[in-house]
**Q** 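Sharing a structure, written as structure tokens. Questions coming.
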Amino acid sequence: MKSLGNIILILFLTFPVAVFSQSPNYSEDIAPILYAKCTECHNPNGIAPFSLMNYQEASTFSPQIVLSVISGNMPPWPPDTNYQRYAHEKILSADEINKIINWNNLGAPQGDSNLSPTPPSYQNGSKIQTAPDYTMNLPIYSSNANTEDEYICFTETTTFNNEKWIKAIEVIPGNLSTVHHAIVYIDNSGNSNSVTNDCMGVDGDIIAAYVPGAEPTIFPNGENLKMGVKIPIGAKITTQMHYPAGSAGSIDSTKINFFFYDDNENNIREVYNEMVLQNWNLNILPNTSPTYLAKFPPANNTLDTSLSLLAIFPHMHLIGKEITTFCIDNNSDTIPLCRIPHWDFEWQGYYNFNNLIKIPAGSKFFSEASYDNTSSNPHNPNSPPQLITAGENTDDEMFVVFLQYAIYQNGDENLNLSNLLNVSTQEIKPI
């Protein structure tokens, strides 16, 4: 069996000799890459198995880093960027990959530590590096999911003196190994229970969601464009928690951080977040790899209003293989939205488009999802493969696509979201 060092040497030899003319060091070359693309997960409170927050940690794991970036496994970014581009993509350029390879090949030198950038701060597991305006702490809860998944909803009535507009919202699971997902709603059901068992969601407006690998939900909040979700006075906020089978006894204490616009802020455009595309007629036979279709509006109908798309969130479970979502506009032209060629249940979430995408009236949305219910799929929950149908449990399957959108206004398609989705202390100011 080849040693790790021999494998890395072979990989080095596949790269052009010209890249070795560089002499990168950690402080000036590698730390900025890790802080920008890796440490959101690779920090002491993150979901990654080890931290990369300082030179000692990074140099220790430099061989693993090289293998991960060459293979494309890290940083994880499921969407195909040749199909559509997104704001704040977690991808490395060829130059960044070459720097990492050469740094490791030179023995992972530190360089002048005084030239290293200030490490980002991830407070209590948060990826937004500033204090929230409001934190909703869900009850400390012990999972009851023994042989079956558990779904439970926690509801809190807000006590704000006036309506609030959400600028950003982040769900922070209290137990990363226990929380399968969390969906946050403005609850319109009239439910008065603070805790609801066997809860498959509520009648309400989705405002945020957490799944493994998800980023915070941040709305455009530049000087000339402000978008967000409105919380009415006295609104109830319900969070559906999903704990997978086998997690019984695990303790969770999930919290939700809210970042609001100033109460005096005007002209905030409302964002809607809906499960636009869905197919619940999944009947995936063992040893098959079928493809299903979803479309909206149904039948031969088309959109009666022009929309501006902010983000997309495709969702499948363990035997998902590929999912592609697009739109056919009123001129029969195709508008690509998202293609995930290698579905990975552990890495999913909302993907913000690089620019607002105009979907004109008269258009129709489509999505195609493929599944692999064979023994060659290492993620298949059944061995040998069994019939899998649609459902909420982890070993069921799903085919849904959420869209974040606003009503179209003239010129929206020219707005670059990369400059408007603020994610750092310097960009999101405490209010």
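Both backbone and side-chain heavy atoms feed into the values below; hydrogens, waters and symmetry mates do not. Remember, it's a predicted structure, so these values are computed and weren't measured experimentally.
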**Q** Side chains of Asp95 and Ser93: is there a donor and an acceptor less than 3.5 Å apart?
**A**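 Result is no, nothing qualifies.
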**Q** Are Ile319 and Pro381 side-chain neighbours, meaning at least one heavy-atom pair lies under 4.5 Å?
**A**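 The answer is yes; the side chains approach within 4.5 Å.
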**Q** Using the disulfide (SG to SG under 2.5 Å) criterion, which residues pair with Cys153? Sequence neighbours excluded.
**A** Cys199
**Q** Side chain to side chain contact (heavy atoms under 4.5 Å, CB included) between Glu392 and Met398: does it pass, once the steps are laid out?
**A** CA-CA 7 Å; Glu392 294 273 358; Met398 290 186 71; 4.3 Å; yes
**Q** Which atom pairs, one a donor and one an acceptor, fall under 3.5 Å between side chains of residues 280-290 and the rest of the protein, sequence neighbours left out?
**A**
unit_1: Trp280; atom_1: NE1; unit_2: Gln278; atom_2: OE1; d: 2.8
unit_1: Thr288; atom_1: OG1; unit_2: Leu285; atom_2: O; d: 2.5

**Q** Would you say the ring centers of Phe160 and Tyr134 fall short of 6.0 Å from each other?
**A**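 Yes: the rings meet the under 6.0 Å criterion.
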**Q** Any idea how His180 and Phe345 line up, ring-wise: parallel (<30°), tilted (30 to 60°), or perpendicular (>60°)?
**A**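 Geometry flag for Phe345 against His180: tilted rings.
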**Q** Would you kindly say whether Glu170 and Ser126 are connected by a side-chain donor-acceptor distance under 3.5 Å?
**A**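 There is such a pair between these side chains.
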**Q** What residue pairs, at least two apart or across chains, pass disulfide (SG to SG under 2.5 Å) with a residue in residues 362-402?
**A** none
**Q** What pairs of residues pass the disulfide (SG to SG under 2.5 Å) test when at least one of them lies in residues 334-399, not counting sequence neighbours?
**A**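 Every candidate disulfide (SG to SG under 2.5 Å) pair involving residues 334-399 fails, so no pair, neighbours aside, qualifies.
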**Q** Will you find, in the side chains of Tyr351 and Glu215, an N or O donor that is under 3.5 Å from an N or O acceptor?
**A**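 No.
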**Q** What class does the angle between the rings of Trp343 and His315 fall in, given that below 30° is parallel, 30 to 60° is tilted and above 60° is perpendicular?
**A**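 Trp343 and His315: perpendicular rings.
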**Q** Are any non-hydrogen side-chain atoms of Ile335 and Pro360 less than 4.5 angstrom apart?
**A** yes
**Q** Consider only side-chain N and O atoms of Glu57 and Ser51, and report whether a donor and an acceptor are under 3.5 Å apart.
**A**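 There is such a pair (donor and acceptor under 3.5 Å, judged by atom type) between the side chains of Glu57 and Ser51.
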**Q** For Trp165, which residues count as a ring pair (Phe, Tyr, Trp, His ring centres under 6.0 Å) partner, sequence neighbours excluded?
**A** none
**Q** Determine whether the aromatic ring centres of Tyr151 and Tyr243 lie less than 6.0 Å apart.
**A**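 Ring centroids of Tyr151 and Tyr243 are no less than 6.0 Å from each other.
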**Q** Looking at Asp80 and Arg339, is there a salt bridge between them, counting it only when a charged N and a carboxylate O are closer than 4.0 Å?
**A**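 The answer is yes: the pair qualifies as a salt bridge.
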**Q** Salt bridge between Asp262 and Lys167, side-chain N to carboxylate O under 4.0 Å?
**A**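 No, Asp262 and Lys167 are not salt-bridged.
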**Q** Would you give me the side-chain donor-acceptor pairs under 3.5 Å for residues 294-304, sequence neighbours excluded?
**A**
unit_1: Asn301; atom_1: ND2; unit_2: Pro298; atom_2: O; d: 3.3

**Q** Is it the case that the ring center of Tyr405 lies less than 6.0 angstrom away from the ring center of Tyr272?
**A** yes
**Q** Aromatic contact between Phe61 and Phe50, with the criterion being ring centroids under 6.0 Å apart: yes or no?
**A**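 Yes, they do, as the ring centres are separated by less than 6.0 Å.
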**Q** Inspect the contact between Lys236 and Glu156 and indicate whether a charged nitrogen and a carboxylate oxygen are less than 4.0 angstrom apart.
**A**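 No, no charged N to carboxylate O under 4.0 Å.
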**Q** Identify whether the distance between the nearest side-chain nitrogen and carboxylate oxygen of Asp263 and Lys164 falls below 4.0 Å.
**A** yes
